[in-house]
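These numbers come from the heavy atoms of this one structure, side chains and all, not from hydrogens, waters or symmetry mates. None of the values given here were measured: they were computed from a predicted structure.
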Amino acid sequence: VLLREVQALTLHRGQYTTSRRTAAVPQLQCTGGTAGCSRVPEVVQCYNKGWDGYDVQWQCKADLENTYRFGQIEVSCEGYDYPDDPYILRGSCSLLFRLELTEEGERKVKNSGSFGSGYYQSRKDSSDSGAGAIVIIVVLVLAFGVYKLFLSNQQPQQSFGDSDGFTRPSWQSQQAPPPPGFKSSFT
C-alpha cells in the first residue's frame, strides 16, 4: 500500500503489527509523558492530514478523559521492500506516543496529590524538596562547625613564666590583642 494514500489507521492496545522484514511490535507504544503510561487507550485512530514532501503528517485521536492528551506522536510503518520504501506492508503501522496531562489534569494532581499516575510525580516533587531541606541542614551544620572551630572565643591557653609571676592568657603577654572573633591560639 502506498503510505501517502492511507487515509486512516486504527490501532489497538495489546495487538501487534503485521511484519515481513522485521519483528512485530505493539501497535500502541507509550513512551512516557507527564501522565505516565497507566492510561493507554484501547483504540487510537490516526488520520492522514497531508504530505510534507518527506512524510505523512498524522493527527491521532482516542477516547481519553479530559485530563489527558497526546503529546509527541510518531507513526511508524514497515517499508515493503526496504526501510524507506514509500510502499508499506498493510497492517504494519504502530504509534509511539507520549501521554501528557492537560491543564485540568495538572490542577487535579496539584489539588489531590493522588490523581492517577500523577501521584508518583507529586511524590517525587515532595521527596526532592525533602532532599533540599537535608542539604540546607548539612550546610548549616558545617557552617556552625567552622564557626566553633575558628571563630568562637573558647578558653584561651595559659602561658607560664611571666616576669610578675601571674599567669595570663597568651594573647595578653603579646604586644596587642588578637583581632575580634579569633582564637588566641591561631593569631
Side-chain angles (χ1 to χ4, degrees), residues 1-140:
V1 176
L2 185 61
L3 179 61
R4 281 185 274 185
E5 293 179 0
V6 175
Q7 294 303 307
L9 298 170
T10 302
L11 308 165
H12 301 271
R13 181 173 73 190
Q15 292 188 10
Y16 283 78
T17 60
T18 305
S19 62
R20 177 172 178 250
R21 295 182 308 101
T22 62
V25 296
Q27 290 182 359
L28 296 176
Q29 299 177 60
C30 178
T31 60
T34 56
C37 292
S38 64
R39 303 284 185 160
V40 175
E42 286 290 326
V43 178
V44 176
Q45 286 195 315
C46 296
Y47 302 96
N48 182 337
K49 290 302 197 177
W51 176 259
D52 67 359
Y54 176 73
D55 207 357
V56 173
Q57 301 300 302
W58 299 97
Q59 178 185 29
C60 296
K61 296 182 178 183
D63 237 354
L64 294 171
E65 296 175 28
N66 291 340
T67 52
Y68 301 106
R69 66 174 179 80
F70 285 120
Q72 182 179 3
I73 60 167
E74 180 182 342
V75 172
S76 178
C77 304
E78 182 180 323
Y80 193 79
D81 285 324
Y82 52 92
D84 290 328
D85 192 342
Y87 287 89
I88 61 160
L89 178 64
R90 182 175 180 261
S92 70
C93 295
S94 67
L95 174 67
L96 279 84
F97 63 93
R98 292 178 55 89
L99 202 55
E100 307 290 347
L101 290 172
T102 62
E103 287 181 22
E104 180 182 341
E106 288 175 4
R107 277 194 304 274
K108 283 186 177 181
V109 168
K110 285 180 184 175
N111 291 340
S112 71
S114 62
F115 175 74
S117 63
Y119 171 75
Y120 299 104
Q121 181 69 27
S122 66
R123 293 285 298 179
K124 178 184 165 291
D125 293 343
S126 67
S127 69
D128 287 349
S129 65
I134 291 172
V135 168
I136 289 172
I137 289 170
V138 168
V139 168
L140 289 174

Practice prompt. Tell me, yes or no, whether the heavy-atom count around Asp52 atom CG, taken from other residues, nucleotides or ligands under 6.0 Å, exceeds 12.
Written response: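 Result for CG/Asp52: enclosed.
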[X] and [Y]: which non-hydrogen atoms are nearest, and at how many Å?
X: Ile73; Y: Trp58; answer: CD1-O, 3.7 Å
X: Glu100; Y: Ala35; answer: C-CB, 3.9 Å
X: Gly36; Y: Cys30; answer: O-SG, 3.9 Å
X: Pro26; Y: Ser94; answer: O-CB, 3.4 Å
X: Arg4; Y: Gln7; answer: O-NE2, 4.2 Å
X: Arg21; Y: Asp81; answer: CD-O, 3.5 Å

Practice prompt. Run the numbers on Glu104 and Thr67 for side-chain hydrogen bond (donor to acceptor under 3.5 Å, both in side chains), then give the verdict.
Written response: CA-CA 5 Å; Glu104 180 182 341; Thr67 52; over 6 Å; no
I need the [X] [atom1] to [Y] [atom2] distance, nearest 0.5 Å.
X: Glu78; Y: Asp85; atom1: CD; atom2: CG; value: 10.0 Å
X: Arg107; Y: Leu101; atom1: CZ; atom2: CG; value: 11.5 Å
X: Gln59; Y: Phe70; atom1: CD; atom2: CZ; value: 11.0 Å
X: Gln45; Y: Lys61; atom1: CD; atom2: NZ; value: 9.5 Å
X: Gln27; Y: Leu9; atom1: CD; atom2: CG; value: 9.5 Å
X: Arg90; Y: Thr18; atom1: CZ; atom2: OG1; value: 8.0 Å

Discussion item. Is there a side chain to side chain contact (heavy atoms under 4.5 Å, CB included) between Ile88 and Tyr80? Walk through the geometry before answering.
Written reply: CA-CA 5 Å; Ile88 61 160; Tyr80 193 79; over 6 Å; no
Are any non-hydrogen side-chain atoms of [X] and [Y] less than 4.5 angstrom apart?
X: Asp55; Y: Leu3; result: yes
X: Arg20; Y: Ser92; result: no
X: Pro41; Y: Leu64; result: yes
X: Pro86; Y: Leu2; result: yes
X: Asn66; Y: Thr102; result: no
X: Thr34; Y: Val109; result: no

Discussion item. Leu28 vs Phe97, test: side chain to side chain contact (heavy atoms under 4.5 Å, CB included). Steps then yes/no.
Written reply: CA-CA 8 Å; Leu28 296 176; Phe97 63 93; 4.1 Å; yes
Item to complete: Start with the C-alpha gap between Thr10 and Val43, add the side-chain angles, then the distance that decides, and say whether side chain to side chain contact (heavy atoms under 4.5 Å, CB included) holds.
Response: CA-CA 7 Å; Thr10 302; Val43 178; 3.7 Å; yes
Item to complete: For Leu95 and Cys93, run side chain to side chain contact (heavy atoms under 4.5 Å, CB included): C-alpha distance rounded to whole Å, both residues' side-chain angles, the deciding distance at 0.1 Å, then the answer.
Response: CA-CA 7 Å; Leu95 174 67; Cys93 295; over 6 Å; no
Worksheet item: Would the SG atoms of Cys60 and Cys46 measure under 2.5 Å apart?
Response: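 Cysteines Cys60 and Cys46 qualify as a disulfide pair, their SG atoms being under 2.5 Å apart.
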